[in-house]
Amino acid sequence: MDEYKSRMNEAYEQMPEEFVSYAMGDLVLYDLFQARLRQQNHCREVLGINERDKPAMSSGRFVSDLFSEFLAGQCPISDELIEHLSI
């Protein structure tokens with residue numbers, strides 16, 4: 001289906017069974033995407049961090065973002081210090 005990425009209507013017309021199978025795979029991925037978002041937002045809620053609309057796409061990125069946001073909430077830095085540190 002890669003050759004049809006920008007012409008999905010043609011894929012549907014030329015090979016409807018393969019197209020439906022491909023589209024159903026996207027639905028499964030969407031369900032997994034939503035489950036990952038719920039899981040990550042639950043961790044954020046437990047730590048008192050604001051939820052997000054989109055999940056981090058890798059576990060490493062999620063842990064990095066979570067730690068940074070938690071640390072920033074525990075040890076806030078003033079705007080004046082941020083300006084001073086900016087080069």
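Numbers here are sequence positions counted from 1. Side chains are part of it too, since the values below use all heavy atoms of this structure and drop only hydrogens, waters and symmetry mates.
The distance from atom CG of Leu66 to atom CD1 of Ile49, rounded to the nearest 0.5 Å, is 4.5 Å. To the nearest 0.5 Å, atom CG of residue Asn50 and atom CZ of residue Arg44 are 8.5 Å apart. With rounding to the nearest 0.5 Å, the separation of CD in Gln39 from OG in Ser59 is 8.0 Å.
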* salt bridge (Lys or Arg N to Asp or Glu O under 4.0 Å) between Glu13 and Arg7, intermediate numbers included -> CA-CA 10 Å; Glu13 292 168 1; Arg7 306 178 335 270; over 6 Å; no

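Taking the side chain as every heavy atom from C-beta outward, Tyr4 and Gln14 approach each other to under 4.5 Å.
Screening residues 54-63 for salt bridge (Lys or Arg N to Asp or Glu O under 4.0 Å), with sequence neighbours left out, gives Arg61-Asp65.
Counted within 6.0 Å of OH on Tyr12, heavy atoms from surrounding residues, nucleotides or ligands total 12 or fewer; the atom is thus considered open. Shown here is Glu80, whose CD atom has no more than 12 heavy atoms of other residues, nucleotides or ligands within 6.0 Å.
Summarising the geometry of Pro55 relative to Arg36, their closest heavy-atom pair is CB-CG, 4.1 Å, with the distance given to 0.1 Å.
Panel note: side chain Glu45, backbone Glu51; no donor-acceptor pair is recorded below 3.5 Å.
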Side-chain donor-acceptor distances from residues 15-35 under 3.5 Å, at least two apart:
from  : atom 1 : to    : atom 2 : distance (Å)
Tyr22 : OH     : Lys5  : NZ     : 2.3
Tyr30 : OH     : Gln34 : NE2    : 3.4

